[in-house]
Amino acid sequence: MAGGWAKDGAVNEQIEASIGEELARLRLRNRAGGESRTHCVECDEPIPEARREAIPGVTLCRECQDERDRAFRHRPGINRRGSKDSQLK
């Protein structure tokens, strides 16, 4: 796929680097840590024990978390790699 001056496997390396960066960002975002709440901070419903053990530092019940996740809108980042496509926009 890569052509011109790009070395063999450059596209795969770029994809792997992008995936690695995104996974690291998600790990940091989800790393609340600390002690889990017994009741949801939004609706005050009890948070099940299994959820509190699975997600350290959890503060929302599953329903409130699902609602918050649906409201999240992904915004595109900046292409720091400077591909031709990003320069044409």
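What you see below is based on every heavy atom in this structure, not just the backbone, and it leaves out hydrogens, waters and symmetry mates.
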Self-check item: Working for salt bridge (Lys or Arg N to Asp or Glu O under 4.0 Å), residues Arg70 and Asp66
Solution: CA-CA 6 Å; Arg70 275 188 303 252; Asp66 287 345; 5.5 Å; no

Exercise. Determine, step by step, whether Glu67 and Glu42 satisfy the side chain to side chain contact (heavy atoms under 4.5 Å, CB included) criterion, reporting the C-alpha distance in whole Å, the side-chain angles of both residues, the deciding distance to 0.1 Å, and the verdict.
Key: CA-CA 11 Å; Glu67 187 176 319; Glu42 290 190 8; 5.6 Å; no

Quiz item: Can you check side chain to side chain donor-acceptor pair (under 3.5 Å) on Asp69 and Gln65, steps first, answer last?
Solution: CA-CA 6 Å; Asp69 290 344; Gln65 185 66 55; 3.0 Å; yes

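Heavy-atom neighbours of Arg37 CZ from other residues, nucleotides or ligands within 6.0 Å: at or below the threshold of 12.
Rounded to the nearest 0.5 angstrom, Thr38 OG1 and Glu49 CD are separated by 10.0 Å. Rounding to the nearest 0.5 Å gives a distance of 13.0 Å between CZ of Arg52 and OG1 of Thr59.
Among all heavy-atom pairs drawn from Val58 and Ser36, the shortest one is N-OG, 3.4 Å.
Both Ile47 and Ile55 are part of a single hydrophobic cluster, where members link through side-chain heavy atoms under 4.5 Å apart.
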